[in-house]
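Chain letters run A, B, ... following the sequence lines, proteins first and then strands; every chain starts at 1. Just the heavy atoms: all of them, side chains too, but no hydrogens, waters or symmetry mates, feed the values below.
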2 protein chains.
Amino acid sequence: MSKESSYHHGNLREALLEAGTKLVEEKGVADVSLRAVAKAAGVSHTAPYRHFSDKNAMLRGIAATGFRLLAQRIEEAVELHPGNPELQLSAAGVAYVELAIEHPRLHNLMFGGVLQDDAVDDSLEERSDQAFKGLVGIIALGQQAGVFRRGDTDELALTAWSLVHGFAMLASTGTLDHRAGGQEAKLALAHRVANHLLSGLAKR
Amino acid sequence: MSKESSYHHGNLREALLEAGTKLVEEKGVADVSLRAVAKAAGVSHTAPYRHFSDKNAMLRGIAATGFRLLAQRIEEAVELHPGNPELQLSAAGVAYVELAIEHPRLHNLMFGGVLQDDAVDDSLEERSDQAFKGLVGIIALGQQAGVFRRGDTDELALTAWSLVHGFAMLASTGTLDHRAGGQEAKLALAHRVANHLLSGLAKR
DNA sequence: ACCTGAACACCGTTCAAGT
DNA sequence: ACCTGAACACCGTTCAAGT
């Protein structure tokens, strides 16, 4: 009872994001309406407009929870391997892919290009930029330690990001399904693919 | 006059796909309605149902034109470098990225995960599989010629595909914009990133 | 300050009807 | 065979009104 009444005390925003995230993960962005989210939160269909300017703004809020989760997992993965940039890179990549496999529809909302830019609220861009900077940090450390080749650090980071992002995308859209069935198979495949990046495709 | 009346002679499907592709490229999938496509083709809003079971089926048709275009460009790129797998791989990757840069919203429809599967019409999956087989062919050739390292050919191909796909995704969603502004800058960056994959990230 | 309910323009889909 | 127009349930958004 205190929970329902508390919706009127300032946490309806949270309740909407929670209900929205759940609905997105169940049915995919395309099949989630603002009205359905409002209903799931137990509120009229115009109430969300007190907390979000727009349906798009609400979706951005849901995506933001996904980015928070991603940043958190990557941080944890990196902290597991202090002073070992190669393992840090690998663990960060795996964490990235893992999120895409476990929450494919949320990942799709985050990276599928459904969200409009809106320019005003660029918190999402900031968040993704922050994740990239973490990656750059790992590469820079590895270059200093002499395990990664020299060269433009940002470019090497972007290479790693592209690979992981592409793999995650293929995994979350189901393109990999008939090549690697279960989650473990996909993660194992991700590991081997990551190794190919480290070694390079060209013959030595 | 013969053009409008010809809509009644069997090519309305084509006209819808053409109008639909144009609308998607202009406004993005999320802002294209079946009714608007019908209107743009000069026909009532229920006419499309004679040619597509569904809005999703129409979108799949539009995506298919994109996949045809992609396959065509990759084929051309490969034929430009007979007997040179390294250049073939690079050219195919550039063609892939180029399409994403030139037609970001179409690319987003093709790979953004908006399309439902529907199982019955898996022509899209076939088409993407076909493109992948072309890639595998290039890698296999390069392994025989001794320019690519030995190992599971499918895995090496998947590595290259992931990288290119991820880069294209980042390019088409605008994530790369504040790192590489124009199209040429992006393509140049794509080249350097592709080279990092060939050489590998690890120090030799 | 925060939420509701009616209203508006638009949407995807179905169906009887027209040629 | 191919297309139309009315109809239905649903949607995003606005706005006056309630507490």
message: Tell me the interatomic distance from Glu14(B), atom CD, to dC2(D), atom P, rounded to whole angstroms.
response: 14 Å

- request: Kindly write out the residues that satisfy salt bridge (charged side-chain N to carboxylate O under 4.0 Å, His left out) with Asp177(B), not counting sequence neighbours, or none if the list is empty.
  value: Lys186(B)

query: Once Watson-Crick and G-U wobble pairs under 3.5 Å are found, how is DNA chain C written in dot-bracket notation, 5' to 3', with | for any base paired to another strand?
result: ||.|||||...|||||.||

message: So, using salt bridge (charged side-chain N to carboxylate O under 4.0 Å, His left out) as the criterion, who are the partners of Arg50(B) when residues are at least two apart?
response: none

Indicate every side-chain donor-acceptor pair of residues 133-140 of chain A with a distance under 3.5 Å to a residue at least two apart or in another chain.
none

Taking distance alone, no hydrogens or angles, what donor-acceptor pairs closer than 3.5 Å link side-chain atoms of residues 28-45 of chain B to residues at least two apart or in another chain?
residue: Ser33(B); atom: OG; partner: Ala36(B); partner atom: N; Å: 3.0
residue: Ser44(B); atom: OG; partner: Thr46(B); partner atom: N; Å: 3.4
residue: Ser44(B); atom: OG; partner: Thr46(B); partner atom: OG1; Å: 3.2

Between P of dC11(C) and CG of Asp31(B), the distance in whole Å: 10 Å

query: In chain order, what residues pass the salt bridge (charged side-chain N to carboxylate O under 4.0 Å, His left out) check against Glu14(A), with sequence neighbours excluded?
result: none

- prompt: Leu12(B) CG to dA1(D) P: how many Å, rounded?
  reply: 17 Å

Set of residues satisfying salt bridge (charged side-chain N to carboxylate O under 4.0 Å, His left out) with respect to Glu155(B), sequence neighbours excluded: Arg192(A)

- prompt: Quick check, are the ring centers of Phe111(A) and Phe111(B) under 6.0 angstrom apart?
  reply: no

Which atom pairs link the protein and nucleotides 12-14 of chain C when you take only N or O atoms and keep those under 3.5 Å?
residue: dG12(C); atom: OP1; partner: Leu34(B); partner atom: N; Å: 2.9
residue: dG12(C); atom: OP1; partner: Lys55(B); partner atom: NZ; Å: 3.0
residue: dG12(C); atom: OP2; partner: Leu34(B); partner atom: N; Å: 3.2
residue: dG12(C); atom: OP2; partner: Arg35(B); partner atom: N; Å: 3.2
residue: dG12(C); atom: N7; partner: Arg35(B); partner atom: NH1; Å: 2.5
residue: dG12(C); atom: O6; partner: Arg35(B); partner atom: NH1; Å: 2.9
residue: dT13(C); atom: OP1; partner: Asp54(B); partner atom: OD1; Å: 3.3
residue: dT13(C); atom: OP2; partner: Tyr49(B); partner atom: OH; Å: 3.0
residue: dT13(C); atom: OP2; partner: Lys55(B); partner atom: N; Å: 3.0
residue: dT13(C); atom: O5'; partner: Tyr49(B); partner atom: OH; Å: 3.3
residue: dT13(C); atom: O4; partner: Arg35(B); partner atom: NH1; Å: 3.4
residue: dT13(C); atom: O4; partner: His45(B); partner atom: NE2; Å: 3.4

Indicate every side-chain donor-acceptor pair of residues 73-81 of chain A with a distance under 3.5 Å to a residue at least two apart or in another chain.
residue: Arg73(A); atom: NH1; partner: Glu102(A); partner atom: OE1; Å: 3.3
residue: Arg73(A); atom: NH2; partner: Glu102(A); partner atom: OE1; Å: 2.9

- line: Arg13(B) atom CZ is separated from dC2(D) atom C1', nearest whole Å, by 16 Å

